[in-house]
J.: 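This is the structure, below, for whatever I ask next.
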Amino acid sequence: MTAHRGALDLAHAIADLLADPETAPVWPRTVAADRQHLAYGLPGIALLHIERAAAELGPWQRAHAWLAAAARQPFTSGPDSHPFYGAPAFAHVLSCAADHLPRSYGRALTTLDAQMAKDVHRRLDAAHRRIDAGQLAERAEFDVIRGLTGYGAFLLRRNVNSSALQGVLDYCVRLTEPLTDRGDTVPGWWTSEGPSGRPDERLPHGHANTGLAHGIGGVLALLAIAARHGTRVEGHHRAMRTILAWLDCWQEETGTGHAWPYWVTRAELRNGRLAPAAPRRPSWCYGTAGLARAQQLAALALGDTRRQIGAEKAVVAALTDPAQLKVTTDHGLCHGFAGLAHVASRTADDAHPTTVGQLRTAIPPLLSAVYPRGNHPIATATTVLRDEEAGPGFLNGAAGIALAITAPATATSPRTAWDACLLIA
């Protein structure tokens, strides 16, 4: 059995075990504390079935059942919600279904669109007041999971001509303007927090996060995707070049290719060089795979073929470097082998002819890491679902694994925009 066939069988098995919300083996917190969370709860499982139905790999009935289960209680909106939690998270999932069922969910999405625009403008007002005051950002102001780039990803699909999207892109441009803090000139996305979003005694003067999920990589990806769709604001290309120049300054040579740190500390900023560090996993959320994909998208938007090829080679190097793969220890979408396979597939879809073959060749070993030869798909799917830490959800668990391995296993692009929330396409 090929790696592609085995991975697809595993995706089928996961979907079958998660077929019915009334009988699926999910953890109590999935339907209670995590119910509204795209990362861990019911919306992410619905997203799996929406993609499979759109690809004619499963029935729409399963998608409708999970959407109905998710919507049995009201969703949180307003200040307590964010792109991965509450009404915005459900809006992303519902829009993926509505794209293929244009007569369904229209009224609900119109209501969610209005709430989303209101939330975005409120957040933008607060962000600009913060910048006007010369204060440092909080990570949740701008990141993909909780912040304005996550909202931008949704608006780019749903309301491309809206003032809300225009405002988000203008904000992203302004975020690239430097600030002064403690006598140092720091990038506009410098935060006083640690990488967790909370104060960190290891980083008393904050850091500049490079990650796609939580750092400037997500801002770069949003600007790049918007530009490729023909949506630009004043200073758009300049902002992308500012971010790329920053990343160039902190680029490392691993011996197999280029890599980037998860973040830059105040001491490193002052010294102008990175402290020695062990190899890091090249995941979607942090590390070279996701960040190089963002740079590839930016290069495509800017028409910079040299940079595009360099970014694609960085992805290949990260996905074939034993040292980086050794510290990749799970199978999930966020920072595991399934996520790496999906990033590789998306990168290959847009790759230059000189690198596309290398990217495609890197995929089968990643699929084999998720589903080793000789395993049984149902047994493996059951084991994943019984893992209390991973669970059935989207970001770390079974639904995300099944989603992430389907496109690389079938050598086709996703049929829905399920991964738009990740800002890799």
J.: What I want to find out is whether Lys118 reaches Asp113 closely enough, with some N-O distance under 4.0 Å, to be called a salt bridge.
T.: no

J.: When you check the gap from the basic side-chain N to the acidic O, do Arg62 and Asp16 get nearer than 4.0 Å?
T.: yes

J.: So do the side chains of Pro88 and Gln115 get within less than 4.5 Å of each other, counting heavy atoms only?
T.: no

J.: Is the backbone N or O of Asp143 less than 3.5 Å from a side-chain atom of Thr149, with the two atoms forming a donor-acceptor pair by type?
T.: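 Yes; at least one donor-acceptor contact below 3.5 Å.
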
J.: For Arg122, does the CZ atom have more than 12 heavy-atom neighbours from other residues, nucleotides or ligands under 6.0 Å away?
T.: yes

J.: Between Glu193 (side chain only) and Asp200 (backbone N and O only), is there a donor and an acceptor less than 3.5 Å apart?
T.: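 No, because the side chain of Glu193 does not come within donor-acceptor range (under 3.5 Å) of the backbone of Asp200.
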
J.: Does some side-chain heavy atom of Gln296 sit less than 4.5 Å from a side-chain heavy atom of Asp350?
T.: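 Heavy-atom side-chain distance check passes, below 4.5 Å.
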
J.: Counting neighbours of CZ on Arg273 that are heavy atoms of other residues, nucleotides or ligands and sit closer than 6.0 Å, is the number greater than 12?
T.: no

J.: Please work out whether the ring planes of His258 and Trp260 are parallel, tilted or perpendicular, with thresholds of 30° and 60°.
T.: perpendicular

J.: Does a side-chain heavy-atom distance below 4.5 Å link Pro195 with Tyr262?
T.: no

J.: Does CD belonging to Gln61 count more than 12 external heavy atoms closer than 6.0 Å?
T.: no

J.: Please determine whether a side-chain nitrogen of the Lys or Arg among Arg241 and Asp304 lies less than 4.0 Å from a carboxylate oxygen of the Asp or Glu.
T.: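 No.
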
J.: Is the backbone N or O of Ala341 less than 3.5 Å from a side-chain atom of Ser345, with the two atoms forming a donor-acceptor pair by type?
T.: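 Between the backbone of Ala341 and the side chain of Ser345 there is no qualifying donor-acceptor contact (under 3.5 Å).
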
J.: Between Phe84 and Phe394, what is the ring plane arrangement, given parallel below 30°, perpendicular above 60°, and tilted in between?
T.: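 Rings of Phe84 and Phe394: tilted, as their planes differ by 30° to 60°.
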
J.: A quick test of your reading: do over 12 heavy atoms of other residues, nucleotides or ligands sit less than 6.0 Å from CG of Leu57?
T.: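 For Leu57, atom CG is crowded (more than 12 foreign heavy atoms under 6.0 Å).
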
J.: Fit a plane to each ring of Trp263 and Tyr286, take the angle between them on a 0 to 90° scale, and name the class: parallel (under 30°), tilted (30 to 60°) or perpendicular (over 60°).
T.: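 Taking Tyr286 first and then Trp263, their aromatic rings stand perpendicular (interplane angle over 60°).
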
J.: Taking CD in Glu253 as the centre, count heavy atoms belonging to other residues, nucleotides or ligands within less than 6.0 Å. Is the count above 12?
T.: yes

J.: Within a strict 4.5 Å, meaning less than it, do heavy atoms of the Arg202 and Thr265 side chains meet?
T.: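 The answer is no; the side chains never approach within 4.5 Å.
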
J.: Using the side chain to side chain donor-acceptor pair (under 3.5 Å) rule, take His214 and Arg146 through it: C-alpha gap first, then chi angles, then the decisive distance, then the call.
T.: CA-CA 9 Å; His214 298 301; Arg146 297 178 61 89; over 6 Å; no

J.: Using modelled atom types and a 3.5 Å cut-off, is there a donor and acceptor pairing between side-chain atoms of Trp190 and backbone atoms of Arg266?
T.: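 Between the backbone of Arg266 and the side chain of Trp190 there is no qualifying donor-acceptor contact (under 3.5 Å).
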
J.: Answer yes or no: does atom NE2 of His121 have more than 12 heavy-atom neighbours from other residues, nucleotides or ligands under 6.0 Å?
T.: yes

J.: Evaluate the side chain to side chain donor-acceptor pair (under 3.5 Å) criterion for residues Thr231 and His229: first the C-alpha distance (whole Å), next the side-chain angles of each, then the deciding distance (0.1 Å), finally the verdict.
T.: CA-CA 6 Å; Thr231 302; His229 282 77; over 6 Å; no

J.: Check whether any side-chain heavy atom of Thr191 sits under 4.5 Å from a side-chain heavy atom of Leu136, and report yes or no.
T.: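 A side-chain contact is absent here, since even the closest heavy-atom pair is not under 4.5 Å.
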
J.: Mind checking whether Thr288 and Thr254 have side chains closer than 4.5 Å, heavy atoms only?
T.: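 No, too far: nothing below the 4.5 Å cut-off.
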
J.: Check whether any side-chain N or O of Gln36 sits under 3.5 Å from a backbone N or O of Thr76 as a donor-acceptor pair, and report yes or no.
T.: yes

J.: Under 6.0 Å from the CZ atom of Arg123, do we count more than 12 heavy atoms belonging to anything else shown?
T.: yes

J.: Taking CD in Glu138 as the centre, count heavy atoms belonging to other residues, nucleotides or ligands within less than 6.0 Å. Is the count above 12?
T.: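 Check fails, neighbour count at 12 or below.
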
J.: Contact between Phe142 and Val219 at the side-chain level, heavy atoms closer than 4.5 Å - yes or no?
T.: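 Yes. Closest side-chain heavy atoms under 4.5 Å.
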
J.: Give me the ring orientation class for Trp60 and His100: parallel if the planes are under 30° apart, tilted from 30 to 60°, perpendicular past 60°.
T.: tilted

J.: Strictly below 4.0 Å, N to O, side chains only: are Asp9 and Arg5 in salt-bridge contact?
T.: yes

J.: Is the NZ or CZ atom of Arg35 positioned over Phe75's six-membered ring, under 6.0 angstrom from the centre and within 45° of the axis?
T.: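 The answer is yes, since Arg35 meets both limits relative to Phe75.
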
J.: With a 4.5 Å heavy-atom cut-off, do Trp246 and Thr176 have their side chains touching?
T.: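 Trp246 vs Thr176: side chains apart.
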
